[in-house]
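First up is the structure itself, then whatever we jot down about it.
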Amino acid sequence: MKYRIFRIEEQMYGCEEPPADQPILVDVVLEGANGTRRVLPYPDEALRRGGMEEGGSVDLTDGILRKV
């Protein structure tokens, strides 16, 4: 399904760091063509590698985002 990345927000880890073997996650706020929004926790590094940023179009299939 196609979405626009409305916003990318850092997750709040508080005083603790995430475990060393876990990726740093961000909350990606996706907006559908009908205006509905959903929040998807997603690895920050995967967004960077894929060149995905706020305002960009993405496809979400089986929990994986791909730049459109």
Side-chain angles (χ1 to χ4, degrees):
M1 184 169 224
K2 292 188 180 176
Y3 292 94
R4 178 176 74 92
I5 297 177
F6 181 76
R7 185 173 35 246
I8 299 171
E9 301 173 338
E10 291 183 25
Q11 287 192 344
M12 302 304 284
Y13 289 102
C15 296
E16 297 181 21
E17 293 285 325
D21 60 339
Q22 297 295 315
I24 301 293
L25 297 178
V26 294
D27 288 327
V28 181
V29 181
L30 301 171
E31 184 175 60
N34 62 359
T36 60
R37 292 185 184 160
R38 66 180 288 183
V39 178
L40 178 69
Y42 209 74
D44 185 46
E45 181 60 29
L47 290 177
R48 292 175 199 258
R49 268 195 324 258
M52 294 174 270
E53 55 191 35
E54 289 182 358
S57 296
V58 293
D59 181 67
L60 176 63
T61 304
D62 296 327
I64 298 173
L65 291 173
R66 290 179 183 84
K67 187 175 180 177
V68 177

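What you see below is based on every heavy atom in this structure, not just the backbone, and it leaves out hydrogens, waters and symmetry mates.
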* Asked: Can you find a heavy atom in the side chain of L25 that is under 4.5 Å from one in the side chain of P43?
  -> yes
* **Sequence neighbours excluded - salt bridge (Lys or Arg N to Asp or Glu O under 4.0 Å) pairs with any residue from residues 26-36** => R4-E31, E31-R37
* Under the side chain to side chain donor-acceptor pair (under 3.5 Å) test, which residues partner R66, sequence neighbours left out? -> none
* To do: Calculate, to the nearest 0.5 Å, the distance between atoms CG and CE belonging to L65 and M52 respectively.
  => 5.5 Å
* Contact check, side chains of Y42 and I64, non-hydrogen atoms, under 4.5 Å -> yes
* To do: Consider only side-chain heavy atoms of I, L, V, M, F, W and Y, link residues closer than 4.5 Å, and tell whether L47 and F6 are in one cluster.
  => no
* To do: Apply side chain to side chain contact (heavy atoms under 4.5 Å, CB included) to the pair V29 and I5, showing each step before the final yes or no.
  => CA-CA 6 Å; V29 181; I5 297 177; over 6 Å; no
* **Non-hydrogen side-chain atoms of L60 and L40 separated by less than 4.5 Å** => yes
* To do: Write down the atom of Q11, the atom of P41, and the distance for their closest heavy-atom approach.
  => NE2-CB, 3.6 Å
* Partners passing side chain to side chain donor-acceptor pair (under 3.5 Å) against N34 (at least two apart in sequence or in another chain) -> T36
* Give the other cluster members for V68, using side-chain heavy-atom distances under 4.5 Å between Ile, Leu, Val, Met, Phe, Trp and Tyr residues; answer none if it is isolated. => none
* Structure fact -> For E9, the side chain to side chain donor-acceptor pair (under 3.5 Å) test, sequence neighbours excluded, returns R7
* Asked: Got a sec, which pairs hit side chain to side chain donor-acceptor pair (under 3.5 Å) with one end in residues 48-57, sequence neighbours left out?
  -> D44-R48
